[in-house]
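In what follows, a structure is listed as structure tokens, so that the remarks can point back to it.
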Amino acid sequence: MGGAHGVCYGVVGNNLPSRSEVVQLYKSKGISAMRIYYPDQEALAALRGSGIAVIVDVGDKGAVANLANNPSAAADWVRNNVQAYWPSVFIRYIAVGNELGPGDMGTILPAMQNLYNALVSAGLSNSIKVSTAVRMDAITDSFPPSHGVFRPDLQRFMVPIAQFLANTMSPLLANVYPYFAYRDNPRDIPLNYATFQPGTTVRDNDSGLTYTNLFSAMVDAVYAALEKAGAPGVRVVVSESGWPSAGGFAANVENARNHNQGVIDNVKNGTPKRPGQLETYVFAMFNENQKPGDETERHFGLFNPDKTPVYPITFPPN
């Protein structure tokens, strides 16, 4: 049940289709996995019997802190948001925090432990894994990829989290955006390398591995950081990757389509360091008109709110 080709389903818009329409759109396009950013009861209900694998985020930093401070809140959370739907909804991971900053990262591991214990009590800890989603800036010295290491100021959080993931056989969720790397350094990063187009090859002289796209190099920097944290067996799941189709520098339909189709097609290949399947979630399903921040933030969607594609994109059979 559920495959490795996912799309993130954000709902920060006032003109989006109903949850049940969205689930049908995923199925009709062959999208086999979904990420939702809070335990959205309507979405979970619509997912019953769909066979779509799901990452369920616990919510914002306040939700993470509540779960960290209160084991009974974690038990309630699992009962209300997991057991109420399992197994007709194939929940694959619980994401405890999305890109939390250093000031809030101390709550992640206690919340993960409380949720894990609640899953153990429910008999679900082998089926559903608990993780957290990190931004690429949690890694420093990411070029060449083999030099990747968790940032010094985050190591006191990330090393124990990595150990927890190893002990519970859970993956690390990583939000990997070649777009932002390219936008911030177009002088040194070729556009074709950032968008899976041919023409640039980068060799990591320390590992001997060769890279033809930035995405794979970024993922392998995360793997290198996990190794240095003493967790070489922990898998990486790319919990977000996308490219905007409008609204800013290099944000156009051609680049967005090249990048996102490249990400989707790369799922089966993995990376030079870890060949094989790389479970990946494209950000995002829809252009969300109420997202705050730069104009590009409202143009990451594969689809318009009326369910028409922003550009052609193909998901292979799983």
Side-chain angles (χ1 to χ4, degrees), residues 4-5 99 131-155 157-159 161-163 165-166 170-243 249-250 255-256 258-283:
H5 299 94
E99 302 185 344
S131 189
T132 187
V134 297
R135 300 161 42 122
M136 273 308 295
D137 70 0
I139 315 291
T140 189
D141 204 8
S142 59
F143 182 80
S146 59
H147 288 196
V149 63
F150 289 118
R151 240 167 59 195
D153 63 316
L154 302 184
Q155 289 203 9
F157 305 119
M158 289 308 305
V159 171
I161 286 170
Q163 302 285 341
L165 296 173
S170 304
L172 178 65
L173 307 178
N175 296 346
V176 179
Y177 282 96
Y179 172 71
F180 294 120
Y182 174 71
R183 182 196 69 183
D184 295 344
N185 189 11
R187 194 191 62 167
D188 294 329
I189 298 174
L191 179 62
N192 61 349
Y193 186 62
T195 56
F196 291 85
Q197 298 305 291
T200 299
T201 301
V202 175
R203 181 177 163 83
D204 182 333
N205 289 325
D206 289 353
S207 69
L209 297 171
T210 298
Y211 293 86
T212 58
N213 66 79
L214 179 56
F215 176 83
S216 293
M218 292 170 77
V219 174
D220 277 355
V222 182
Y223 274 122
L226 284 165
E227 287 182 355
K228 294 182 184 79
V234 171
R235 275 191 313 128
V236 173
V237 168
V238 178
S239 43
E240 290 182 11
S241 187
W243 193 290
F249 177 74
N255 290 342
N258 285 341
H259 173 272
N260 287 338
Q261 192 67 63
V263 165
I264 292 162
D265 294 344
N266 185 70
V267 164
K268 67 182 182 296
N269 302 324
T271 69
K273 187 174 177 64
R274 296 288 172 91
Q277 187 169 274
L278 174 62
E279 187 180 340
T280 302
Y281 293 75
V282 175
F283 188 89

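- Taking the six-membered ring where the residue is Trp, His259 and Trp243 present tilted rings, their angle falling between 30° and 60°.
- Two residues are said to be in side-chain contact when any heavy atoms from C-beta on lie closer than 4.5 Å; Ser207 and Pro145 fail this criterion.
- A search for salt bridge (Lys or Arg N to Asp or Glu O under 4.0 Å) contacts involving Arg135 returns Asp137, not counting sequence neighbours.
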| task | List the steps and the verdict of side-chain contact (heavy atoms from CB on, under 4.5 Å) for Phe215 and Val238. | result | CA-CA 10 Å; Phe215 176 83; Val238 178; 3.8 Å; yes
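- Rounding to the nearest 0.5 Å gives a distance of 12.5 Å between OH of Tyr179 and CG of Asn260.
- Residues Pro272 and Pro275 approach most closely at O-CD, 3.7 Å, considering heavy atoms.
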| task | Under the side-chain contact (heavy atoms from CB on, under 4.5 Å) rule, what do Tyr182 and Asn255 come out as? Steps first, then yes or no, please. | result | CA-CA 12 Å; Tyr182 174 71; Asn255 290 342; 5.8 Å; no
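- Listed by first then second residue, pairs satisfying salt bridge (charged side-chain N to carboxylate O under 4.0 Å, His left out) with a partner in residues 181-193 read Arg183-Asp294, not counting sequence neighbours.
- Every residue was checked against the ring pair (Phe, Tyr, Trp, His ring centres under 6.0 Å) condition with Phe157, not counting sequence neighbours, and none meets it.
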| task | Check the pair Met136 / Val176 against side-chain contact (heavy atoms from CB on, under 4.5 Å), numbers first and verdict last. | result | CA-CA 6 Å; Met136 273 308 295; Val176 179; 4.1 Å; yes
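- Residues Val267 and Leu278 have side chains not in contact (no heavy-atom distance under 4.5 Å, counting atoms from C-beta outward).
- Between the CD1 atom of Ile161 and the CD atom of Gln155 there is a distance of 12.0 Å, given to the nearest 0.5 Å.
- Take Phe180 and apply the ring pair (Phe, Tyr, Trp, His ring centres under 6.0 Å) test, not counting sequence neighbours, and it matches Tyr177.
- Residue pairs meeting the salt bridge (charged side-chain N to carboxylate O under 4.0 Å, His left out) criterion with at least one partner in residues 215-236, sequence neighbours excluded, are Glu227-Lys273, Glu227-Arg274, Arg235-Glu279.
- Closest non-hydrogen pair, Ser170 versus Val234, comes out as O-CG1, 3.5 Å.
- The shortest side-chain heavy-atom distance between Thr140 and Val149 falls under the 4.5 Å cut-off.
- Contact of the Leu165 side chain with the Ser131 side chain is registered, since non-hydrogen atoms from C-beta on lie closer than 4.5 Å.
- For the atom pair OG (Ser146) and CG (Asp141), the distance works out to 8.5 Å, reported to the nearest 0.5 Å.
- Tyr223 contributes a side-chain N or O that, together with a main-chain N or O of Val236, makes up a donor-acceptor pair within less than 3.5 Å.
- Considering only heavy atoms from C-beta on, Thr280 stays 4.5 Å or farther from Asn266 through its side chain.
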Anything under 3.5 Å between a donor and an acceptor, one on a side chain of residues 189-197, the other on a protein residue two or more places apart or in another chain? List them.
residue	atom	partner	partner atom	Å
Asn192	OD1	Thr200	OG1	3.0
Asn192	ND2	Pro198	O	3.0
Asn192	ND2	Thr200	OG1	3.3
Thr195	OG1	Leu191	O	2.8
Gln197	NE2	Thr195	O	3.2

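- Annotation: side chain of Ile139 is in contact with side chain of Phe150 (closest heavy-atom distance under 4.5 Å).
- We find the OG-OH distance between Ser241 and Tyr281 to be 14.0 Å, quoted to the nearest 0.5 Å.
- The structure places CD of Glu99 at 11.5 Å from CG of Leu173, a figure rounded to the nearest 0.5 Å.
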